Amino acid sequence: MGLPPEIPGSMGRSYLTKSGKRPKFVEEGTTLIDTSQKAARKFVYVDGEWKLVRGALGCYSAIAKKQETDVWAEDCYGKTIDDGEAGVDDTEVIKSALNSLTSGRTWKERVVLVGDFIVNDKISVPSYTILDLGQAKIKAADGLNKTLIACESVEHVEIHGGHLDGNKGNQTADVVRVIHLNDSKYVGVYGVTVENAKDRAIAISHGLYNIVAFCTVRNSGFGANDHSIMVWSDDKTVIRHHKVLFNRIENHVGGNAIDNSACGVLFEGNSMFNIKSGRGFNNDSGSYIKIVNNTVENNEDGGGIGIVNTGYASAKNIISNNNKVINVKGVGFSVRANLYDIENVVSINDQVLTASERGFVIYADGANISNVRLAHPYAEKTGTSDAMRAGIRLKANAGYTLSNVTIIDPQLFDKGNGGMNYGIELTGSGTINKILIRDGTGEDTVTAALYNDVTGTLSNCLLYTSDAADDGESVDLGGRRII
């Protein structure tokens with residue numbers, strides 16, 4: 001096998017060796033290294049000809065790379081898949097890399113993107129694909145007005161790393177998602193940074209067993225229904241088994257930082273900071289939900305964590321554990337039934353440190369609520385303005401019932417010079433019954449440990465601590481017996 005004076009390169013071009021500095025031949029007969037360039041060029045012998053390999057990054061099936069004026073895609077052997085002009089043909093080259101993968105495969109193949117790309121059409125990721133964006137930045141072109149990266153009715157897909165810019169200031173359509181997992185299963189989005197999404201930064205619709213984890217979302221949202229991370233399904237009878245884990249959301253504006261309207265979803269370890277509007281976390285009509293170890297901090301308007309029901313279906317079996325809400329305008333932790341009933345809600349060790357309205361609210365607004373358990377709820381007012389009116393509020397509107405509520409060991413503190421008006425407040429013109437409050441702790445700066453303003457029906461309610469229970473006596477939150 002001789003060395004030709006002219007070695008065919010990628011993209012249909014010829015690679016000419018420099019005079020007097022012929023490529024060094026490696027004796028295995030499959031690789032050439034040209035040391036005449038500042039950056040060594042490597043060639044492999046494939047199908048009877050030499051192919052230029054542009055700096056392999058590791059194990060992949062295809063790579064799309066953008067450098068200076070060129071954008072191109074190659075397979076793992078250095079064979080050109082597609083090429084074009086940088087900034088003009090970026091989208092088509094990326095699509096060509098994805099479409100070059102083995103048809104009908106049942107194993108995952110990896111596509112690597114390297115460089116800063118401008119995308120002017122939706123990128124659809126096929127089944128059994130790993131899309132590695134760790135060395136890529138992708139920006140939505142002006143007027144894209146559609147989803148940037150989509151997984152539609154696919155399975156077994158992974159998207160890793162990278163920086164995605166939704167370019168929301170230059171989109172005119174209302175629905176412009178950056179990443180959308182639609183009716184797909186076993187799809188994971190890991191460690192991606194998304195900025196400037198107009199609608200949803202990352203959305204899961206329907207599907208099964210999808211994961212969004214360790215992602216960062218910044219400066220996303222535009223209108224009242226725009227959420228940074230959204231999980232949604234119109235069928236509230238299917239347990240989805242989705243997971244939203246250890247994501248960070250900053251400077252969200254519009255809807256809610258994280259919004260869920262699906263059943264069977266775990267939300268764990270997520271952090272929502274500097275929310276401009278909307279709740280930090282909102283569960284609307286989702287059943288079989290776990291909300292664990294999440295933090296909402298500095299929300300300018302909208303509250304912390306909400307379990308609500310505004311018109312989709314009844315919600316039940318919701319567990320909230322060890323979440324923290326810090327310095328929010330509105331209610332820290334709320335359970336509010338608007339149009340459909342809510343039942344079986346458990347809150348354990350949740351904390352609210354300064355909320356402008358109330359720490360915890362259980363509110364039968366336009367529907368009924370039953371079987372709520374608050375174990376060790378902690379509410380603390382640390383400021384002197386925008387008083388936290390009550391540590392815990394129970395309310396039922398006329399025609400609706402709030403029943404079977406157990407509050408165990410409430411920790412209600414006012415460290416803001418009298419800002420918390422009431423420890424526990426009962427109010428409303430509806431029916432409140434079967435309420436048990438026990439073993440509470442508070443401070444004297446709370447104006448009233450218990451405040452009853454119910455104008456409807458209040459029955460079968462007991463406030464006591466364990467040391468007085470044996471005597472059949474009741475006490476207030478400061479340990480004083482009440483008659």
Side-chain angles (χ1 to χ4, degrees), residues 236 263 283-291 303 305-321 331-350 352 357-377 379 389-410 412 422-440 448-466 469 472 474-477 482:
K236 301 298 189 288
C263 295
N283 177 71
D284 192 343
S285 308
S287 295
Y288 302 96
I289 304 300
K290 290 184 178 180
I291 311 161
I305 295 173
I307 298 168
V308 302
N309 209 318
T310 61
Y312 298 119
S314 298
K316 60 184 179 181
N317 300 337
I318 299 165
I319 297 175
S320 178
N321 183 18
V331 176
F333 183 98
S334 63
V335 179
R336 182 169 182 169
N338 297 80
L339 295 175
Y340 290 87
D341 294 347
I342 296 177
E343 60 179 323
N344 303 336
V345 177
V346 177
S347 166
I348 304 171
N349 294 325
D350 288 322
V352 178
E357 293 186 14
R358 294 162 181 89
F360 296 79
V361 171
I362 315 298
Y363 184 13
D365 183 1
N368 303 312
I369 297 178
S370 61
N371 302 326
V372 176
R373 183 183 180 94
L374 303 181
H376 318 293
R389 302 172 196 168
I392 300 173
R393 187 189 212 198
L394 308 181
K395 182 178 180 179
N397 280 349
Y400 303 104
T401 299
L402 172 61
S403 63
N404 293 315
V405 177
T406 300
I407 303 174
I408 298 175
D409 189 27
L412 310 176
Y422 315 116
I424 297 178
E425 174 191 14
L426 291 82
T427 187
S429 55
T431 299
I432 298 179
N433 63 30
K434 298 181 180 178
I435 308 298
L436 172 62
I437 305 170
R438 59 175 296 169
D439 295 330
L450 177 67
Y451 178 72
N452 177 14
D453 188 34
V454 176
T455 59
T457 302
L458 178 65
S459 62
N460 299 318
C461 298
L462 181 62
L463 169 66
Y464 75 106
T465 62
S466 55
S474 298
V475 299
D476 65 13
L477 291 180
I482 61 175

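Quick note: numbers below take in every heavy atom, side chains included, and nothing from hydrogens, waters or symmetry partners. These numbers were taken from a predicted model, which means no experiment stands behind them.
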query: Without hydrogens or angle criteria, can the side chains of His376 and Asn349 be said to hold a donor-acceptor pair below 3.5 Å?
result: no
message: Any heavy-atom pair between the side chains of Pro410 and Leu374 that's under 4.5 Å?
response: no
query: CG of Asp365 to OG1 of Thr310: how many Å apart, nearest 0.5 Å?
result: 11.0 Å
- prompt: So, for Ile407 and Pro377, which heavy atoms are closest and what is the spacing to 0.1 Å?
  reply: CG2-CG, 4.2 Å
Thr457 side-chain N/O to Thr431 backbone N/O, donor-acceptor pair under 3.5 Å: no
message: Please find the pair of heavy atoms, one from Asp350 and one from Ser320, that lie closest to each other, and give the distance.
response: OD2-OG, 2.8 Å
field: Enclosure of Lys434 NZ (heavy-atom neighbours >12, cutoff 6.0 Å)
entry: no
- prompt: Under 4.5 Å between any side-chain heavy atoms of Ile408 and Arg373, yes or no?
  reply: yes
- prompt: Could you state the interatomic distance from CG (Leu426) to CD1 (Ile392), rounded to the nearest 0.5 Å?
  reply: 10.0 Å
- request: Of all the heavy-atom pairs spanning Asn309 and Tyr312, show the shortest one and how long it is.
  value: OD1-N, 4.2 Å
statement: To the nearest 0.5 Å, atom CD of Glu343 lies from atom OG of Ser370 at 5.0 Å
- prompt: Is there side-chain contact between Arg358 and Phe333, with at least one heavy-atom pair below 4.5 Å?
  reply: no
field: Closest contact, heavy atoms only, Gly286 versus Asn283
entry: O-ND2, 3.0 Å
field: Side-chain donor or acceptor of Ser429 paired with backbone N/O of Ala398 under 3.5 Å
entry: yes
message: Looking at Val308, is its backbone amide N or carbonyl O close enough to the side chain of Asn338 to form a donor-acceptor pair, meaning the two atoms are under 3.5 Å apart?
response: no
- line: Of all heavy-atom pairs linking Ile369 and Ala337, the shortest is CG1-CB, 3.6 Å
query: So, Glu425 and Arg393, do they make that salt bridge, N to O below 4.0 Å?
result: yes
task: Going by the side chain to side chain contact (heavy atoms under 4.5 Å, CB included) test, name the single residue among Asn344, Val372, Ile291, Val346 that passes it with Ile318.
output: Ile291
query: How many angstroms lie between atom CG of Asn317 and atom CD1 of Ile342, to the nearest 0.5 angstrom?
result: 12.0 Å
message: To check you understand the geometry: which heavy-atom pair defines the closest contact between Ser347 and Phe360, and what is its length?
response: OG-CE2, 4.3 Å
Main-chain N/O of Asn368 paired with Asp341 side-chain donor or acceptor, under 3.5 Å: yes
Between NZ on residue Lys316 and NZ on residue Lys236, distance to nearest 0.5 Å: 14.5 Å
message: Distance check, rounded to the nearest 0.5 Å: Ser285 atom OG versus Tyr340 atom OH?
response: 8.0 Å
Side chain to side chain, Asn433 and Ser403, heavy atoms closer than 4.5 Å: yes
message: Check the orientation of Tyr451 and Tyr422. Use parallel for under 30°, tilted for 30 to 60°, and perpendicular for over 60°.
response: parallel
field: Candidate list Ile437, Asn452, Ile435, test side chain to side chain contact (heavy atoms under 4.5 Å, CB included), partner Ile424, passing option
entry: Ile437
